[in-house]
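Every number for a ligand or one of its atoms is a count from 1 in the order of the listing. This one's a predicted model, so the numbers in the text were calculated from it and none came from an experiment. Side chains included, hydrogens not; waters and symmetry mates left out as well; all remaining heavy atoms used.
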Amino acid sequence: MNAETLLNKLKDLSHTFEQEEQNLTQLDRAIGDGDHGVNMLRGFKAVDEKVTGDTVSDVLKSTGMTLMSSVGGASGPLYGFSFVKMAGLDYDEITSDNLLEYINTFKDAVAARGKVTGGEKTMYDVLLKASDHLSNGESLSEDVLQQFAEDTKDLEATKGRAAYFKKDSIGHIDPGAQSMVYVLKALSEDV
Ligand code: ADP
Ligand code: MG
């Protein structure tokens with residue numbers, strides 16, 4: 001995936017988040033404050049309007065800066081910082097050979113910024129499973145990514161607003177895990 005394709009994919013996420021806004025809002029209403037759909041839509045509308053770049057790194061950096069400044073909530077800095085970190089990798093294209101490096105950089109950035117580890121019912125769980133899956137030589141499909149988000153249902157939240165719900169958070173998909181499905185799909189489907 002070259003810079004132009006990546007730019008188009010990231011801009012296209014504004015349509016995905018338009019379609020999924022209600023779904024993400026419902027998920028965040030159950031175990032949060034109900035703003036995740038609005039946050040992601042605002043962020044990727046801004047990406048659609050503002051992001052530019054002639055190289056993969058420039059596109060990722062511009063996306064990260066845009067997300068940081070436009071998404072409210074905990075998820076904005078987590079997504080924004082991670083895209084800026086991925087921009088630090090110096091490849092002309094995202095390919096099946098370096099995709100794992102991008103996903104691992106994304107994962108490590110969320111871990112560092114969110115002080116989070118696996119099993120805490122966050123977006124990080126999808127990144128961790130995606131990384132393991134790729135490490136095992138398997139490819140990421142939308143179904144596989146969706147399953148990783150579904151897997152957060154059984155977990156009890158210990159990070160972010162959902163942690164206030166304690167055991168009541170069990171039985172619900174984490175909203176950030178669900179939004180991560182769409183973001184990882186955009187990054188990985190055309191490599
Ligand atoms: P807020 O929680 O501030 O309302 P959002 O609703 O936009 O922000 O985002 C909530 C999502 O952010 C959660 O579903 C979770 O996946 C993610 N999240 C929150 N805190 C953390 C954290 N410390 N580490 C990783 N992810 C987190
Ligand atoms: Mg929220």
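- For the residues G37, A74, G32, S169, the heavy atom positioned nearest atom 19 (C) of ligand 1 is part of A74.
- Shown in contact with N39 at under 4.0 Å from a heavy atom are these atoms of ligand 1, numbered in order with element: 5 (P), 7 (O).
- L128 contributes atom CG, which lies 9.5 Å from atom CZ of F148 (distance to the nearest 0.5 angstrom).
- Between the side chains of E156 and S169, not a single donor N or O lies within less than 3.5 Å of an accepting N or O.
- Atoms of ligand 1 lying under 4.0 Å from at least one heavy atom of G73, given by number and element, are 3 (O), 8 (O).
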Would H36 and T25 count as a side chain to side chain donor-acceptor pair (under 3.5 Å) here? Give the steps. CA-CA 6 Å; H36 193 58; T25 294; over 6 Å; no
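- In terms of protein heavy-atom proximity, atom 23 (N) of ligand 1 is nearest to G114 O, 2.9 Å.
- Distances from atom 18 (N) of ligand 1 to the heavy atoms of T152, V126, L78, V71 show the closest one on L78.
- When hydrogens are left out, the protein atom nearest atom 15 (C) of ligand 1 is D174 OD2, 3.5 Å; that is the closest non-hydrogen contact.
- Checking R161, R29, K159, M123 against atom 1 (P) of ligand 1, the nearest heavy atom belongs to R161.
- A pairwise comparison of heavy atoms in S14 and D48 identifies OG-OD2, 3.4 Å as the closest pair.
- H172 pairs with exactly one of I31, L155, D28, T152 by the side-chain contact (heavy atoms from CB on, under 4.5 Å) rule, that one being I31.
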Evaluate the side chain to side chain donor-acceptor pair (under 3.5 Å) criterion for residues N104 and S131: first the C-alpha distance (whole Å), next the side-chain angles of each, then the deciding distance (0.1 Å), finally the verdict. CA-CA 6 Å; N104 279 340; S131 167; 2.6 Å; yes
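- What sits closest to atom 5 (P) of ligand 1 on the protein, heavy atoms only, is H36 ND1, 3.4 Å.
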Can you list the steps and then say if D108 with T105 is a side-chain contact (heavy atoms from CB on, under 4.5 Å)? CA-CA 5 Å; D108 294 345; T105 302; 6.0 Å; no
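- For ligand 1, the polar-atom distance check against S75 finds a nitrogen or oxygen pair separated by under 3.5 Å.
- At least one N or O atom of G176, backbone or side chain, sits closer than 3.5 Å to an N or O atom of ligand 1.
- Remark: ligand 1 and D28 share an N or O pair separated by less than 3.5 Å (distance only, no angle test).
- Remark: ligand 1 atoms within the under-4.0 Å shell around heavy atoms of D35 are 4 (O), 5 (P), 6 (O).
- For ligand 1, the atoms sitting less than 4.0 Å from at least one non-hydrogen atom of D33 are 4 (O), numbered in the order shown with element in parentheses.
- Put simply, the side chain of K61 never gets that close to the backbone of A87: no donor and acceptor are under 3.5 Å apart.
- Ligand-side atoms of ligand 1 in range of G160: 20 (N), range being under 4.0 angstrom from any heavy atom.
- Considering backbone and side-chain atoms together, K121 places no N or O closer than 3.5 Å to any N or O of ligand 1.
- A donor-acceptor pair shorter than 3.5 Å cannot be found between the side chains of Q178 and D174.
- The only option from F17, F44, Y79 that meets the ring pair (Phe, Tyr, Trp, His ring centres under 6.0 Å) definition with Y182 turns out to be F17.
- Within the structure, the side chain to side chain donor-acceptor pair (under 3.5 Å) test picks out the following pairs touching residues 80-91 (sequence neighbours left out): Y91-E101.
- A donor-acceptor contact shorter than 3.5 Å is absent between the side chain of T66 and the backbone of V51.
- Looking only at atom types and distance, the side chain of Q146 has a donor-acceptor partner in the side chain of E150 under 3.5 Å away.
- Within the protein, the N, O or S atoms sitting under 2.8 Å from the Mg ion (ligand 2) are D28 OD2, D33 OD1, D35 OD1.
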